[in-house]
Amino acid sequence: MNAAEIGQAAADLLGAEAARRQIGLLSLRHPGITLDDAYAIQLAQIERKLAAGRRIVGWKIGLTSKAMQEALGIDTPDSGVLYDDMVFETGGTVPAGRFIQPRIEAEIAFVMKAPLAGEVTRGEVLAATDYVAPSIEILDTRILRADPESGRPRRIFDTVADNAANAGIVLGAECHAPEAVDLRWAGAIVKKDGAVVATGLGAAVLDDPVTGLVWLARRMGHYGQRIEAGQVVLSGSFIGPVECPPGTEIRADFGPFGSVAIDFD
């Protein structure tokens, strides 16, 4: 894709977010789109959002489970950016109309005390982490999940360009030293409107949630970015996405690790 096409795709996605409406698949509009193109579209949106006064508070890692990767025919995760206006308090409420088709996932969040970029080890990730906490990621998509005419689903290029379908973050109040918890066994029971709809363990995330941050640091280094001190990183979901139409109440019980709650008006 050339610079004009990348800029137009970014503008279309920002317009879709503002209008609460979805656009067609970029992978159909641009059949030759690459991952580099998709991240360039994401970066163009970052630049425009920062210019408009938004502030980056962290990053999310997605497509970390083998099931999701196989469904999309890929062998790599993806990533997106978290902005200050995406943060919701646990126990809070998402206003009606804020998102198009919100869903949630349960994840382990890493809050950093030192920057990371490029080739790093598991030990270096842990040393750079201030604490880990339970979290919920709110997903939304500014691109149709499937083309209405052909039925073709989104591809990874669509998801990456659309900020990895990211829309919000809810952090639990509990904080843990990363070395004090076996993150592979940290997990959650997720209830929707009082009924259990999903359960999972951290091991579903690349066998170890820390591995996601090793991948993210490498990916960001490739594009001249880095994870900064003070930022939050959502390490990847260990459950499938849960649909959250208006009136939904979500409770994620992480056991001794903590809990997170969010409602949708």
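Start at 1 with the first residue, then count along the sequence.
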- Begin from the C-alpha positions of Glu119 and Arg219 and carry the test salt bridge (charged side-chain N to carboxylate O under 4.0 Å, His left out) through to its verdict. CA-CA 9 Å; Glu119 296 294 332; Arg219 203 285 300 165; over 6 Å; no
- Donor-acceptor contact below 3.5 Å, side chain Thr129 vs main chain Tyr131: no
- Message: Please determine whether side chain to side chain donor-acceptor pair (under 3.5 Å) holds for the pair Thr141 and Arg154, giving the CA-CA distance in whole Å, both sets of side-chain angles, and the decisive distance to 0.1 Å.
- Response: CA-CA 10 Å; Thr141 175; Arg154 287 175 302 167; 3.2 Å; yes
- Salt bridge check: are Glu228 and Arg226 linked by an N-O gap of less than 4.0 Å? yes
- Query: Passes side chain to side chain contact (heavy atoms under 4.5 Å, CB included), Thr211 versus Val205? Steps please.
  - Reply: CA-CA 8 Å; Thr211 304; Val205 180; over 6 Å; no
- Query: Looking at CZ of Phe157 and OG1 of Thr159, how far apart are the two atoms once the value is rounded to the nearest 0.5 Å?
  - Reply: 10.0 Å
- Linking Ile, Leu, Val, Met, Phe, Trp and Tyr by side-chain heavy atoms under 4.5 Å, what else ends up with Trp185? Leu201
- Message: Grouping I, L, V, M, F, W and Y whenever their side-chain heavy atoms are under 4.5 Å apart, do Ile108 and Leu126 come out in a common cluster?
- Response: yes
- Item | 4.5 Å side-chain heavy-atom contact, Phe257 and Val181 | yes
- For Arg184, all residues meeting side chain to side chain contact (heavy atoms under 4.5 Å, CB included), sequence neighbours excluded: Asp182, Ala203, Asp207, Asp208
- Salt-bridge criterion met for Lys60 and Glu137 (N-O under 4.0 Å): yes
- Message: Measuring only between side-chain heavy atoms, which start at C-beta, is Ile46 closer than 4.5 Å to Ile56?
- Response: yes
- Message: Measuring from atom CD1 of Ile23 to atom CG of Leu13, what distance do you get when rounded to the nearest 0.5 angstrom?
- Response: 4.0 Å
- Message: Is it the case that the side chain of Arg20 and the backbone of Gly97 share a donor-acceptor pair, with hydrogens and angles ignored and the cut-off at 3.5 Å?
- Response: yes
- Message: Side chains of Pro245 and Phe264, heavy atoms from C-beta outward: is any pair under 4.5 Å?
- Response: no
- Go through Gln22 and Gln101 one step at a time and tell me if the side chain to side chain donor-acceptor pair (under 3.5 Å) criterion holds. CA-CA 10 Å; Gln22 294 172 320; Gln101 292 180 332; 3.3 Å; yes
- Cluster question for you: counting only ILVMFWY and a side-chain heavy-atom cut-off of under 4.5 Å, with indirect links fine, are Ile262 and Val197 together? yes
- Validation row: Lys191, Glu249 side chains within 4.5 angstrom (heavy atoms): no
- Note on the structure: For residues 4-17, the side-chain hydrogen bond (donor to acceptor under 3.5 Å, both in side chains) pairs (sequence neighbours left out) are Gln8-Asp12, Asp12-Arg29, Glu17-Lys49
- Item | Name of the residue among Asp253, Ile104, Thr199 meeting side chain to side chain contact (heavy atoms under 4.5 Å, CB included) with Val190 | Ile104
- Query: So do Phe238 and Pro209 actually touch side chain to side chain, heavy atoms under 4.5 Å?
  - Reply: no
- Message: According to side-chain hydrogen bond (donor to acceptor under 3.5 Å, both in side chains), does anything in residues 87-99 pair up with another residue at least two apart or in another chain? List the pairs.
- Response: none
- Note on the structure: CG (Asp140) and SG (Cys244) are apart, to the nearest 0.5 Å, by 10.5 Å
- Item | Gln225 side chain vs Gly221 backbone, donor-acceptor pair below 3.5 Å | no
- Taken to the nearest 0.5 Å, the spacing of Glu47 CD from Gln45 CD works out to 10.5 Å
- Query: Does a side-chain heavy-atom distance below 4.5 Å link Ile41 with Ile33?
  - Reply: yes
- Note on the structure: All heavy atoms of Ala167 vs all of Met86, minimum pair found to be O-CG, 3.4 Å
- Query: Is there a donor-acceptor pair under 3.5 Å between the side chain of Tyr83 and the backbone N or O of Leu50?
  - Reply: no
- How far apart are the C-alpha atoms of Ile156 and Leu35, what are their side-chain angles, what is the distance that settles it, and do they pass the side chain to side chain contact (heavy atoms under 4.5 Å, CB included) test? CA-CA 8 Å; Ile156 188 172; Leu35 266 182; 4.3 Å; yes
- Message: For a 4.5 angstrom cut-off between non-hydrogen side-chain atoms, does Pro77 reach Leu206?
- Response: yes
- Query: Does Lys113 have any side chain to side chain contact (heavy atoms under 4.5 Å, CB included) partners at least two apart in sequence or in another chain, and if so, which?
  - Reply: Asp130
- Item | Salt bridge present between Arg142 and Asp162 (N-O < 4.0 angstrom) | yes
- Do the side chain of His176 and the main chain of Ala133 share a donor and acceptor less than 3.5 angstrom apart? no
- CG of Asp37 to CG of Leu26: how many Å apart, nearest 0.5 Å? 10.5 Å
- Message: Hydrophobic cluster membership, with links at side-chain heavy-atom distances under 4.5 Å among I/L/V/M/F/W/Y: are Val233 and Val214 in one?
- Response: yes
- Message: Quick one, Val132 and Leu183 - any side-chain contact, counting heavy atoms below 4.5 Å?
- Response: yes
- Task: Show the numbers, then the answer: is there a side chain to side chain donor-acceptor pair (under 3.5 Å) between Tyr223 and Asp36?
- Result: CA-CA 9 Å; Tyr223 291 106; Asp36 283 343; 2.4 Å; yes
- Item | Tyr39-Met220 co-clustered via ILVMFWY side chain contacts under 4.5 Å | yes
- Does Asn163 use its side chain to pair, donor to acceptor, with the backbone of Gly80 at less than 3.5 Å? no
- Message: Show the nearest heavy-atom pair for residues Ala96 and Asp265, with the distance to one decimal.
- Response: N-CB, 3.5 Å
- Item | Of Asp263, Ile169, Ile138, the residue whose pairing with Phe88 passes side chain to side chain contact (heavy atoms under 4.5 Å, CB included) | Ile138
- Asp85 and Arg54: salt bridge (charged side-chain N to carboxylate O under 4.0 Å, His left out), yes or no, with the steps? CA-CA 7 Å; Asp85 61 344; Arg54 293 274 60 81; 3.5 Å; yes
- Task: Check which hydrophobic residues are tied to Leu139 through side-chain heavy-atom contacts below 4.5 Å, counting indirect links as well, and list them.
- Result: none
- Item | Minimal non-hydrogen separation, Phe254 against Ala106, with atom names | CZ-CB, 4.1 Å
- Do Asp158 side-chain atoms and Ser27 backbone N/O form a donor-acceptor pair below 3.5 Å? yes
- Closest heavy-atom pair, Gln231 versus Gly58, reported as atoms and distance to 0.1 Å, is CB-CA, 3.9 Å
- Answer yes if Val242 and Ile100 sit in the same cluster of Ile, Leu, Val, Met, Phe, Trp and Tyr residues linked by side chain heavy atoms under 4.5 Å apart, and no otherwise. no
- Query: Between Thr64 and Ser237, what is the shortest heavy-atom contact and its length?
  - Reply: OG1-O, 3.8 Å
- Item | Shortest non-hydrogen separation from Ala38 to Val160 and the atoms involved | CB-CG1, 3.6 Å
- Test item: Glu107 side-chain N/O and Gly236 main-chain N/O as donor-acceptor pair under 3.5 Å: yes
- In Å, rounded to the nearest 0.5 Å, how long is the span from CG of Leu216 to OG of Ser235? 10.5 Å
